[in-house]
Q: 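Shown below is the structure under consideration.
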Protein chains: 2
Amino acid sequence: MRVAEEQGYSVNIQASVLRREKSNIIGMLIPKYDNRYFGAIAEQFETMARARGLFPVITCTQRDPDLEIAAAKELLSYQVDCLIATGATDPDRISALCSAAGVQTINLDLPGTKAPSVISDNFAGARDLASLILDHQRTPSAPLLFIGGRESDHNTRERVRGFVAAHEDRGMSVSSNLILTCGYAADKAEAALMAFDGPVPRGLFVNSTITLEGVMRWLYRQSREARAAIRYGCFDWDPFAALLPANVGMARQDVVSMLELAFRLLDAEPDTVSSQQVPCVLTCLV
Amino acid sequence: MRVAEEQGYSVNIQASVLRREKSNIIGMLIPKYDNRYFGAIAEQFETMARARGLFPVITCTQRDPDLEIAAAKELLSYQVDCLIATGATDPDRISALCSAAGVQTINLDLPGTKAPSVISDNFAGARDLASLILDHQRTPSAPLLFIGGRESDHNTRERVRGFVAAHEDRGMSVSSNLILTCGYAADKAEAALMAFDGPVPRGLFVNSTITLEGVMRWLYRQSREARAAIRYGCFDWDPFAALLPANVGMARQDVVSMLELAFRLLDAEPDTVSSQQVPCVLTCLV
DNA sequence: CAATCATGCTCCATCGATTGAGCAAGCTTG
DNA sequence: CAAGCTTGCTCAATCGATGGAGCATGATTG
């Protein structure tokens, strides 16, 4: 064994897994790698999986529902011991596939009903963030604009609810045309702002950093004066976005706590299909 | 077969690979997921691998040389068909392990001598970027400060060479104390700037976006006037960093072309141990 | 000293997919 | 019609690691 080790020989894992009927592989589905939130999730997941002697395999699904299912099936055929579905568009479908194969699943970031979920406290995070923006926008008692995300998406709905609550806290009401759930993509946000009926409010609640990219493109098409009057805050954190002049705050999701909780749920008996919420950390930039 | 498909059955890949002695797995080692460059590489790699019917497995090595080797061995024990080593600190050691196992390797981002390499044209990219910063800094004929990266790192050496060449192009010389190759990490860059002997030059060449995070932290500790006088440019691209007021330009590495070239080299016979350079795209922000 | 137990070793069946050998049936051709 | 060929099917060996059965040796105990 020592000589084998020295000469760089290693066990054939395929044979080992075949015989042991246990792969020690833990799979993760993730939508994208193009922002700090998912990047941090991927890194933290790998680190924690390795610390437990598991082999982490991450697959990026490009927010494509078909690819999500195909990737889940592919991971199952590698006999993964368990699977974390991050930000899945149809988490219950994935849970169903996995439970049919006797594989434990956890939903991360977006909740499902057929497996335990670990998500941010989007309501409280959004309420705090909206409140911060309301405090710091240039036209104090005007309602904000909500931009980005999908109506069908649990997180977006919760954040809209928090957004509305922050307005109600100060006796303000929000008309529904101020809620632009046009998708997360930068292009869609930019287009939605361009097409907005009437002048865009001076305070913006941006639903993700990807959406913020589109918001910034729109903002830099405005006149210097119009731009100077606008303040915004963003759900999710990015170190450079945090330095942009008109950004008043970011709601950072607590990736470490979320993954610790996810791994704890994997260890525990999968008796309850709970949905656990992790508080966000509000970074005030003013 | 149709019924099996409908019922969600799938082949046991471990058994299949064991018998076929061909895994259809393509591995990638990547240092981090915390910036757009590596994020884009990871996504593009997955997309292109899938398009070729290969199963992509990416492992994040946290810039840790030991983890790099351990991860390479682990991927080999999964019988990967080939391996792309991205930004590896010791690519030749990985190539040696792989060639002992009869597995093809490509070095991406940082070159090695025992396997074909695909890297950016760091010299030309850095020369162009340095030239742009020299054009736009507030004290025209003063030399710039180079910050970030490692002396031992090929890319850093090439970029320093380009940096010096841009100065020489206009008859300027750069003293060696203006080249702070203190590592890529944000903390190290911040500390190096804090400890800089004498006033920091008003034009900065920042070697990566991760380094830029530290530079920004340092910058925001300066007085408003000192800060307003500084201009910088950065190797690598980030959408929010590109919007920061004093940023005059970014040298964006052409990830798509790099990966296309890498996959082409994998298809080709591994006869030559060439090092192919891909031009960067300079984004001018002024 | 015999009976029991602990330890260490060898050997073989097993995991599930794959592939080629072997065979049968039907078809073509001189 | 016989010889040769194609096609489709079944069957068993194989990939390499693992773990339990079986066996031999040495130690312990009444």
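Proteins get letters first, then strands, A, B, ... in listed order; numbering begins at 1 in each.
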Q: Please identify each residue that fulfils salt bridge (Lys or Arg N to Asp or Glu O under 4.0 Å) with R50(A), with sequence neighbours left out.
A: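 Salt bridge (Lys or Arg N to Asp or Glu O under 4.0 Å) list for R50(A), sorted by chain: E46(A), E74(B).
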Q: Using the side-chain hydrogen bond (donor to acceptor under 3.5 Å, both in side chains) criterion, which residues pair with Y37(B)? Sequence neighbours excluded.
A: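 In terms of side-chain hydrogen bond (donor to acceptor under 3.5 Å, both in side chains), with neighbours along the sequence ignored, Y37(B) is linked to D109(B), Q253(B).
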Q: Just jot down the side-chain hydrogen bond (donor to acceptor under 3.5 Å, both in side chains) partners of D90(A), sequence neighbours excluded, or say none.
A: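 side-chain hydrogen bond (donor to acceptor under 3.5 Å, both in side chains) list for D90(A), sorted by chain: empty.
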Q: Please list all pairs meeting ring-ring contact (aromatic ring centres under 6.0 Å, His included) that have one or both residues in residues 38-73 of chain B, counting only residues at least two apart or in different chains.
A: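 Residue pairs with at least one partner in residues 38-73 of chain B: Y78(A)-F55(B).
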Q: What are the bounds, 5' to 3', of the part of DNA chain D that sits under 4.0 Å from heavy atoms of chain A?
A: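 Boundary nucleotides touching chain A, in 5' to 3' order, are dG16(D) to dG19(D).
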Q: For the backbone of A88(B) and the side chain of E68(B), can you confirm whether one donor and one acceptor N or O come within less than 3.5 Å of each other?
A: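 No, the answer is negative, given that no donor and acceptor are paired below the 3.5 Å cut-off.
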Q: Between protein and nucleic acid, restricted to nucleotides 10-14 of chain C and to nitrogen or oxygen atoms under 3.5 Å apart, what atom pairs and distances do you find?
A:
from: dT14(C); atom 1: O2; to: R19(A); atom 2: NH1; distance (Å): 3.0

Q: Could you pull out all residues at least two apart from S10(A) that satisfy side chain to side chain contact (heavy atoms under 4.5 Å, CB included)?
A: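 Side chain to side chain contact (heavy atoms under 4.5 Å, CB included) check on S10(A) returns S77(B).
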Q: Taking salt bridge (Lys or Arg N to Asp or Glu O under 4.0 Å) as the test, write out the residues that go with R159(A), two or more places apart.
A: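 Scan of R159(A) (salt bridge (Lys or Arg N to Asp or Glu O under 4.0 Å), adjacent residues dropped) gives none.
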Q: Using the test salt bridge (Lys or Arg N to Asp or Glu O under 4.0 Å), find all partners of K73(B) that sit at least two apart in sequence or belong to another chain.
A: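 By the salt bridge (Lys or Arg N to Asp or Glu O under 4.0 Å) rule, K73(B) matches no residue at all.
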Q: Name all residues meeting the salt bridge (Lys or Arg N to Asp or Glu O under 4.0 Å) criterion together with R52(B); count only those two or more places apart in sequence or in a different chain, and write none if there are none.
A: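 By the salt bridge (Lys or Arg N to Asp or Glu O under 4.0 Å) rule, R52(B) matches D267(B).
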Q: With sequence neighbours excluded, tell me which residues meet side-chain hydrogen bond (donor to acceptor under 3.5 Å, both in side chains) with E158(B).
A: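 Residues passing side-chain hydrogen bond (donor to acceptor under 3.5 Å, both in side chains) with E158(B): R161(B).
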Q: Send over the distance from I13(B) CD1 to dA17(C) P, rounded to a whole Å.
A: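 Taking atom P of dA17(C) as the reference, CD1 of I13(B) is at 10 Å.
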Q: How does DNA chain D look in dot-bracket notation if pairs are Watson-Crick or G-U with both distances under 3.5 Å, crossing ones as [ ], other-strand ones as |?
A: ||||||||||||||||||||||||||||||
Q: May I have the distance from E21(B) (atom CD) to dT19(C) (atom P), rounded to whole angstrom?
A: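 Those two atoms, CD and P, are 11 Å apart.
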